[in-house]
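To keep things clear, I will list the structure first and then write my remarks on it.
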Amino acid sequence: MIELAAAFAVAGAASNAVGTAFQRKAASASSRGGIRLLAELVHRPFWVIGMAGVICAALFQSLALVNGPLALVQPLFILELPFALLVAAPLMHRRLPRSGWWGVGGCVAGLAVLLVAAAPHGATGHAPLTRWIPALCLCVGAMAAAVLLAGRGGAPARRAALLAAASAIGNALTAALLKSASGTFADHGFPAFLRSWQTYGFALAGVAAVLLLENALQAGPLAAAQPALTIGDAVVSLTLGIMLFDERIRTGWWLVPEAWGALLIIGGVLVLSRAVQRIVVLPVPAAEQRSTT
């Protein structure tokens with residue numbers, strides 16, 4: 001079941017990366033905004049492919065969370081960042097600098113070391129309300145505190161990092177609620193899924209996380225937002241998995257390789273975030289220019 005959950009999580013990260021890349025490709029060819037933009041995009045094949053990727057990603061994530069611990073599934077979604085760069089670069093006629101490939105290698109190697117050393121295990125599918133109440137209070141309180149601190153001004157990088165951290169907490173909370181709702185669906189069927197408060201909770205948390213992410217990307221540089229988003233999601237997901245679903249990781253001397261893996265991931269994300277800002281724009285083929293016009 002652990003191997004199956006890992007496979008679904010990797011597939012979800014890849015699907016979400018493909019969906020995001022194709023949606024950006026479709027949107028970049030239009031100058032419209034608002035509802036008119038959406039009306040135009042639904043007729044573009046690239047946008048349809050992108051939406052299919054996002055839908056498949058949600059399904060893969062649900063399957064992964066049903067079959068494995070939150071502490072395993074959410075860290076694997078770190079792979080979405082290198083997957084997105086690998087897909088979007090040729091699709092958008094960009095070339096990633098050489099340093100970016102070192103960042104990709106750091107993320108993948110660090111994630112492998114961290115998960116092999118930690119070996120998350122012992123997950124249950126549901127959590128009692130007595131555990132949900134403190135978890136919800138802590139997550140919502142931390143998100144509100146980060147937003148308030150970001151709203152007081154300061155350097156753009158600081159505001160971007162704080163808003164991204166709030167979005168990361170929202171992503172982790174969304175995944176925890178989705179895990180519980182997916183477990184209800186698997187055990188009791190669709191009617192019980194619709195009656196579960198976690199179903200509506202993960203929808204609200206997901207919308208909040210997306211809005212916070214958009215504000216984080218607008219507030220400051222990607223190099224400040226992406227590390228807080230990526231690392232924060234993994235750390236909070238691990239904490240929620242232990243608090244809510246009785247998940248466990250290996251401790252003792254295993255903490256040493258776990259720390260090395262985490263440092264490799266942080267370094268890889270930092271390198272990738274800076275490499276994106278130095279990405280090389282390649283000439284667009286004439287045939288594609290004619291198709292977009």
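Pairing each heavy atom of A9 with each of A64, the nearest pair is N-CB, 3.7 Å. When all heavy atoms of R159 and A150 are compared, the closest pair comes out as NE-O, 2.8 Å. Shortest non-hydrogen contact noted between A57 and G12 is CB-O, 3.4 Å. What you find for F77 and A13 is that their closest heavy atoms are CE2-N, 3.8 Å. Annotation for L177 and A205: closest pair CD1-CB, 4.3 Å, computed over non-hydrogen atoms. Closest approach of L240 to A176, counting heavy atoms only: CD1-CB, 4.1 Å.
Contact check for P75 versus L111: side-chain heavy atoms found under the 4.5 Å cut-off. A 4.5 Å side-chain heavy-atom check between E258 and I249 finds at least one atom pair inside the cut-off. Side-chain contact between V73 and P69: absent, with no pair of heavy atoms (C-beta onward) separated by less than 4.5 Å. Using a 4.5 Å cut-off on side-chain heavy atoms (C-beta onward), P120 and L70 make no contact. Between C107 and L79 there is no side-chain heavy-atom pair separated by less than 4.5 Å. Side-chain contact check for I265 versus W260: every heavy-atom pair is 4.5 Å or farther apart.
Side-chain heavy atoms closer than 4.5 Å link hydrophobic residues (I, L, V, M, F, W, Y) into clusters, and following such links, possibly through other members, connects L270 to V235. No chain of hydrophobic side-chain contacts below 4.5 Å, direct or via other Ile, Leu, Val, Met, Phe, Trp or Tyr residues, connects V271 to L264. The hydrophobic clustering, which links ILVMFWY residues whose side-chain heavy atoms are closer than 4.5 Å, places I78 and F83 together. V116 is not connected to L238 by any chain of hydrophobic side-chain contacts under 4.5 Å among Ile, Leu, Val, Met, Phe, Trp and Tyr, and they are in different clusters. In this structure, F190 is a member of the same hydrophobic cluster as L65, with clusters built from ILVMFWY side-chain heavy atoms closer than 4.5 Å.
The structure places CG of L72 at 10.0 Å from CG of L114, a figure rounded to the nearest 0.5 Å. How far CG of L173 is from CG of L136: 6.0 Å, rounded to the nearest 0.5 Å. Here CG of L204 is found 9.5 Å from OG1 of T174. Values are rounded to the nearest 0.5 Å. Distance CG/L76 to OG/S237: 11.0 Å, rounded to 0.5 Å. Atom SG of C56 is separated from atom CD of Q61 by 13.0 Å, given to the nearest 0.5 angstrom. Note that CG of L162 is 6.0 Å distant from CG of L149, once rounded to the nearest 0.5 Å.
In terms of modelled atom types and a separation under 3.5 Å, the side chain of S182 and the main chain of L178 share a donor-acceptor contact. A distance-only check finds no donor-acceptor pair linking the side chain of Y200 to the backbone of R195 [under 3.5 Å]. Checking side-chain atoms of T199 against main-chain N and O of F193 turns up a donor-acceptor pair under 3.5 Å. Under the 3.5 Å distance criterion, the side-chain polar atoms of K179 are matched with a main-chain donor or acceptor of G68. Panel note: side chain N67, backbone L63; a donor-acceptor pair is recorded below 3.5 Å.
In terms of the side chain to side chain contact (heavy atoms under 4.5 Å, CB included) criterion, residue partners of A142 (sequence neighbours excluded) are, by chain and number, I169.
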| request: Please test N171 against S167 for side chain to side chain contact (heavy atoms under 4.5 Å, CB included), starting from the C-alpha separation and ending with a verdict. | output: CA-CA 6 Å; N171 281 334; S167 179; 4.0 Å; yes

| field | CA sep, side-chain torsions, deciding dist, call: R131, D246, side chain to side chain contact (heavy atoms under 4.5 Å, CB included) | value | CA-CA 11 Å; R131 295 186 184 182; D246 291 323; 2.9 Å; yes

| task | Could you give me the CA-CA distance, side-chain angles and deciding distance for V66 and F185, then say whether side chain to side chain contact (heavy atoms under 4.5 Å, CB included) is met? | result | CA-CA 10 Å; V66 166; F185 178 79; over 6 Å; no

| Test log, rule side chain to side chain contact (heavy atoms under 4.5 Å, CB included), inputs C137 and I133 | CA-CA 6 Å; C137 290; I133 291 174; 4.3 Å; yes

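W132 and F245 have perpendicular rings, their planes meeting at more than 60° on a 0 to 90° scale where under 30° would count as parallel.
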